[in-house]
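Comments concern the structure below.
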Amino acid sequence: METYLEENFGGVKAKNSSEEALRRWRKLCSVVKNPKRRFRFTANLDKRGEAQAIKHANHEKLRVAVLVSKAALQFIHGLSLRSEYVVPEEVKAAGFQVCADELGSIVEGHDSKKLITHGGVTGIADKLATSPTDGLSTDEERIKCRQDIYGVNKFTESEVRSFWVFVWEALQDTTLIILAACAFVSLVVGIAMEGWPKGAHDGLGIVASILLVVFVTATSDYRQSLQFKDLDKEKKKIQVQVTRNGFRQRLSIYDLLPGDVVHLAIGDQVPADGLFISGFSLLINESSLTGESEPAVVNEDNPFLLSGTKVQDGSCKMMVTTVGMRTQWGKLMATLSEGGDDETPLQVKLNGVATIIGKIGLFFAVITFIVLSQVLISKKYHEGLLLSWSADHALEMLEHFAIAVTIVVVAVPEGLPLAVTLSLAFAMKKMMNDKALVRNLAACETMGSATTICSDKTGTLTTNHMTVVKACICGNIKEVNNPKSASNLCSELPEIAVKTLMESVFNNTGGEVVINEEGTYQILGTPTETALLEFALSLGGDFKAKRNEAKIVKMEPFNSTKKRMSVILELPGGRCRAHCKGASEIVLAACDKYIDETGGVVPLDKTTADKLNGIIESFANEALRTLCLAYMEMEEGFSVEEQIPLQGYTCIGIVGIKDPVRPGVRESVAICRSAGIMVRMVTGDNINTAKAIARECGILTEDGLAIEGPEFREKNLEELLELVPKIQVMARSSPLDKHTLVKHLRTTFNQVVAVTGDGTNDAPALHEADIGLAMGIAGTEVRIFNHLKNQNRKFCSLQSQLK
Ligand SMILES: Nc1ncnc2c1ncn2[C@@H]1O[C@H](COP(=O)(O)OP(=O)(O)OP(=O)(O)O)[C@@H](O)[C@H]1O
Ligand SMILES: [Ca+2]
């Protein structure tokens with residue numbers, strides 16, 4: 001049986017199975033009693049094909065639209081523009097100047113020509129009665145009115161099916177239908193022969209058993225469907241940062257409306273169709289929508305953002321124009337929502353078992369029928385009455401037949417595969433309560449067999465609540481973990497150094513300090529950014545004032561490959577200054593000057609460089625994440641087309657950021673190890689920081705290996721064979737390094753690999769892994785100034801699942 005299963009049902013993998021394998025096992029379940037039930041919750045391959053076709057068509061459509069709109073643009077240059085668009089009455093009455101269909105055709109069709117006739121992005125903002133800076137007004141009546149005109153950002157979901165639908169579905173079982181036919185004949189013949197009620201006994205008996213089977217099945221199916229509904233809802237709860245009434249806040253994507261101003265950063269999914277307002281180095285991955293893997297550059301010239309695509313690099317502010325089912329994504333989701341999840345290997349195997357048992361059941365049913373009938377037939381044969389049948393005898397035969405069919409009904413364990421689905425869904429729900437989002441049922445199943453965990457550091461092993469605790473500015477190392485020491489530091493430093501530091505932190509950041517409606521400070525941004533901003537605020541800095549002093553001309557947002565971010569500022573008087581911050585040894589290597597104790601800028605000689613590197617190492621050995629801040633005067637000015645320089649900076653200082661290890665992680669790692677699961681840490685942080693934390697968690701042992709990404713990249717296959725099993729810590733890794741490591745572990749070493757990560761820089765590795773666990777919410781967090789947020793003990797939750 002084992003080999004039979006393996007041969008015929010074994011081709012399905014937990015991830016990325018071939019379509020052929022998926023189709024094959026479906027075909028093999030040929031004694032399917034009730035296909036609708038048996039294949040419920042498994043992927044609908046035809047629907048999937050349809051979705052693929054839509055993607056393909058989208059791709060074509062977009063390509064053509066872009067070409068046409070380019071040609072049209074060339075054509076209309078010089079022509080006077082005349083808008084022939086007429087605003088529908090009801091839209092006008094509601095106070096808007098553009099209707100949903102027109103907006104849809106502009107953005108979806110990438111129609112720059114139409115956009116120009118409407119006055120560009122600002123024109124559209126006016127017509128939508130919104131402001132690109134302050135966003136929508138939160139007046140409830142206006143919001144309601146907007147909803148009525150433009151719809152809401154929700155996708156039609158397959159509606160909750162009522163209990164009776166499940167009853168109807170349960171009735172569509174071939175064997176049950178045969179039984180029902182038997183019952184009918186038995187009733188008719190019985191009543192005709194023996195009259196009511198005596199002759200109806202047998203028939204009613206069969207009917208009762210059918211009803212029993214049907215209701216039990218339908219009830220359990222109905223309850224399952226409710227479970228799944230809950231799960232689905234949970235999965236789709238996503239929040240984005242939106243400016244409304246001038247205040248930046250978090251809002252569920254379901255509440256987005258046309259006119260909303262949304263802030264997007266690397267890793268975010270575009271929540272609705274819209275237009276680019278402002279932003280830097282924005283690269284959009286449209287593959288989920290079009291299948292195209294080359295990312296698209298989005299900027300003022302190509303301002304169209306489509307729902308469902310992903311921010312691959314950079315950051316931006318966008319204005320929502322089209323929501324919900326009006327977007328291509330909405331349409332795609334509608335198709336896919338019926339497509340179902342991929343089946344898991346266990347599900348498939350159990351379907352195989354059910355099929356085998358079904359066949360055996362059928363065999364015995366036939367034998368039972370033959371044995372039972374044989375008595376009657378042989379009796380008739382001896383009496384020579386084989387060809388003349390009385391109704392009585394026919395009824396007897398029918399009864400025998402019904403018994404045989406009943407055996408099939410009872411014998412085939414159709415509920416078996418479904419029960420697995422249910423228990424996996426239950427596990428999924430439990431993990432969700434632990435703040436781990438599992439998107440695929442198969443993952444829950446594979447998780448039990450994991451042999452290696454590649455964990456990222458921030459947020460999984462550590463709390464992801466970062467604070468600057470040490471700083472080295474002008475050569476002075478200071479503890480700054482309380483406000484008093486921070487203000488002390490401030491008074492000890494030369495004024496120019498503090499000024500430059502503030503300018504750097506407040507301008508060269510992906511985060512923001514906003515005052516919310518209650519009047520308290522709120523710091524928005526990734527944990528690293530918030531820590532820095534908090535530090536600068538505690539030194540007495542004023543975010544708004546600093547921001548107004550200079551203008552940001554260009555920004556290259558942070559990403560994990562470069563491990564630094566930079567901006568160019570235009571200062572009053574027209575001078576330009578560059579600021580750069582990032583992984584400290586990388587940024588320090590780009591410096592050739594530094595600010596000394598007196599505030600003077602002096603060349604960075606070898607001894608000072610060594611001293612600074614020593615400081616970085618000492619911070620890192622205390623498990624601190626270190627960042628180096630630097631600036632450069634741009635003597636020759638700067639034009640926007642240029643790249644921000646990589647070399648020639650002046651070092652302002654180095655900060656050490658503490659991110660405490662989650663309580664209980666050490667124990668969890670120990671449990672994993674005793675269960676034979678190897679835990680490795682793969683991080684983008686400094687090697688010494690990584691090692692210190694890995695030791696603290698018990699991941700790095702005496703004989704273990706810690707390696708840096710750049711070194712790992714250089715190794716050839718032979719060396720890797722030797723190295724990979726020993727790697728316990730990989731530091732300064734790029735997203736690609738993580739991917740390579742996981743791939744080697746899986747293919748060369750046949751490990752079942754679980755990867756935890758945050759879905760932005762870890763996305764490739766998560767995708768490659770047998771089990772990808774996207775832990776919690778990546779990227780941005782909101783922090784009330786000086787207010788700690790307690791999060792869940794994530795690694796512990798993972799470990800409890802692996803047990
Ligand atoms: N916003 C930022 N601006 C500049 N540099 C940053 C920023 N955030 C992080 N860094 C630097 O980049 C390094 C982290 O890079 P990366 O984001 O690739 O790490 P990671 O893989 O997410 O790490 P982890 O495994 O801890 O999650 C940090 O050590 C820090 O020096
Ligand atoms: Ca990460």
Side-chain angles (χ1 to χ4, degrees), residues 265-267 280 313-315 454-466 468 504-505 507-512 523-533 535 555-567 579-590 616 619-620 623-630 654-662 680-694 697 699 708-710 729-739 741 755-766 774-781 794-795:
I266 182 165
F280 303 96
D313 203 356
S315 58
C454 292
S455 171
D456 70 336
K457 175 173 66 67
T458 311
T460 310
L461 300 173
T462 64
T463 56
N464 209 10
H465 189 279
M466 307 202 187
V468 177
S504 171
V505 175
N507 286 298
N508 187 15
T509 175
E512 205 176 325
I523 310 175
L524 307 167
T526 62
T528 313
E529 304 274 18
T530 38
L532 273 175
L533 288 171
F535 172 58
M555 178 185 275
E556 280 175 7
F558 173 79
N559 76 30
S560 277
T561 321
K562 296 181 306 194
K563 302 221 191 292
R564 55 152 106 183
M565 78 173 287
S566 354
V567 290
H579 278 284
C580 170
K581 76 164 197 284
S584 35
E585 65 278 9
I586 297 174
V587 175
L588 190 61
I616 293 174
F619 280 8
L624 303 180
R625 160 172 283 204
T626 60
L627 242 68
C628 180
L629 306 168
I654 293 159
V655 293
I657 300 174
K658 188 168 180 65
D659 184 8
V661 172
R662 278 175 195 282
R680 299 166 210 263
M681 177 203 272
V682 188
T683 174
D685 226 326
N686 178 296
I687 185 149
N688 293 315
T689 314
K691 272 176 162 166
I693 292 195
C697 303
I699 292 178
E708 278 189 322
V729 174
M730 184 150 97
R732 282 291 179 242
S733 56
S734 72
L736 206 63
D737 297 333
K738 300 186 187 183
H739 178 260
L741 177 68
V755 172
T756 68
D758 51 26
T760 54
N761 55 1
D762 305 322
L766 285 170
M775 314 289 282
I777 313 150
T780 47
E781 72 155 12
K794 284 178 199 155
F795 192 81

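Whatever order the structure lists them in is the order used to number ligands and atoms, beginning at 1. In this text, all values refer to a predicted model and were calculated from it rather than measured experimentally.
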(message) Can you name the atoms of ligand 1, numbered from 1 with element, that are less than 4.0 Å from a heavy atom of Glu529?
(response) 1 (N), 2 (C)
(message) At less than 4.0 angstrom from any non-hydrogen atom of Ala583, what atoms of ligand 1 do you find?
(response) 11 (C), 31 (O)
(request) Determine yes or no for a side-chain-to-main-chain donor-acceptor pair under 3.5 angstrom, with Asn559 supplying the side chain and Lys562 the backbone. (result) yes
(message) Rounded to the nearest 0.5 Å, what separates atom OG1 in Thr528 from atom CG in Asn464?
(response) 7.5 Å
(message) Between Asp659 and Arg625, does the salt bridge (charged side-chain N to carboxylate O under 4.0 Å, His left out) criterion hold? Intermediate values first, please.
(response) CA-CA 8 Å; Asp659 184 8; Arg625 160 172 283 204; over 6 Å; no
(request) Record the part of Lys738 in heavy-atom contact with ligand 1 below 4.0 Å; permitted values are side chain, backbone, both and neither. (result) side chain
(message) Please check whether Met565 reaches ligand 1 - meaning an N/O of the residue sits under 3.5 Å from an N/O of the ligand, judged on distance alone.
(response) no
(request) Determine whether the side chain, the backbone, both or neither of Lys581 has a heavy atom under 4.0 Å from any heavy atom of ligand 1. (result) both
(message) Does ligand 1 come near enough to Asp762 that some N or O of the ligand is less than 3.5 Å from an N or O of the residue?
(response) no
(message) As an exercise, state the distance from CG of Leu624 to CD1 of Ile654, rounded to the nearest 0.5 Å.
(response) 12.0 Å
(message) Out of Ala765, Ser560, Gly582, who is nearest to atom 17 (O) of ligand 1 when you count heavy atoms only?
(response) Ser560
(message) The test is side chain to side chain donor-acceptor pair (under 3.5 Å); show your working for Asn508 and Ser504 and say whether it passes.
(response) CA-CA 5 Å; Asn508 187 15; Ser504 171; 4.7 Å; no
(request) Nearest 0.5 Å please: distance from the CD atom of Glu529 over to the NZ atom of Lys581. (result) 3.5 Å
(message) How long is the straight-line distance from CD1 of Ile523 back to CG of Leu533, given to the nearest 0.5 Å?
(response) 6.0 Å
(request) Could you tell me whether Thr626 approaches ligand 1 through its side chain, its backbone, both or neither, with non-hydrogen atoms closer than 4.0 Å? (result) backbone
(request) Heavy-atom distances under 4.0 Å are what count here, so tell me which part of Leu627 touches ligand 1: side chain, backbone, both or neither. (result) side chain
(request) Have a look at ligand 1 and work out which part of Thr462, if any, has a heavy atom under 4.0 Å from it: side chain, backbone, both or neither. (result) neither
(request) State whether the side chain of Thr626 and the backbone N or O of Gly656 hold a donor-acceptor pair below 3.5 Å, judged by distance alone. (result) no
(request) Rounded to the nearest 0.5 Å, what's the gap from OG on Ser455 to CD1 on Ile699? Could you check? (result) 6.0 Å
(request) Could you see which bit of Thr683 sits under 4.0 Å from ligand 1, with heavy atoms only: side chain, backbone, both or neither? (result) both
(request) List every atom of ligand 1 that sits less than 4.0 Å from any heavy atom of Thr528, numbering the atoms from 1 in the order shown and giving each element. (result) 8 (N)
(request) Kindly confirm or rule out an N or O of Arg564 lying under 3.5 angstrom from an N or O of ligand 1. (result) no
(request) Mark up the atoms of ligand 1 that fall under 4.0 Å of a heavy atom belonging to Val682, in ascending order. (result) 25 (O)
(message) Quick check against the 3.5 Å criterion: does Arg662 have a side-chain atom that pairs as donor or acceptor with the backbone of Leu461?
(response) no
(message) Any nitrogen or oxygen of Lys563 lying under 3.5 Å from a nitrogen or oxygen in ligand 1? Just yes or no.
(response) yes
(message) Is the contact between Arg625 and ligand 1 made by the side chain, the backbone, both, or neither, using heavy atoms and a 4.0 Å cut-off?
(response) side chain
(message) To the closest 0.5 Å, what do you measure between CZ (Phe535) and OG1 (Thr530)?
(response) 14.0 Å
(request) Say whether Asp685, considering both its backbone and side-chain N or O atoms, lies within less than 3.5 Å of an N or O atom on ligand 1. (result) yes
(request) Select one of side chain, backbone, both or neither to describe which atoms of Arg732 lie under 4.0 Å from any atom of ligand 1, heavy atoms only. (result) side chain
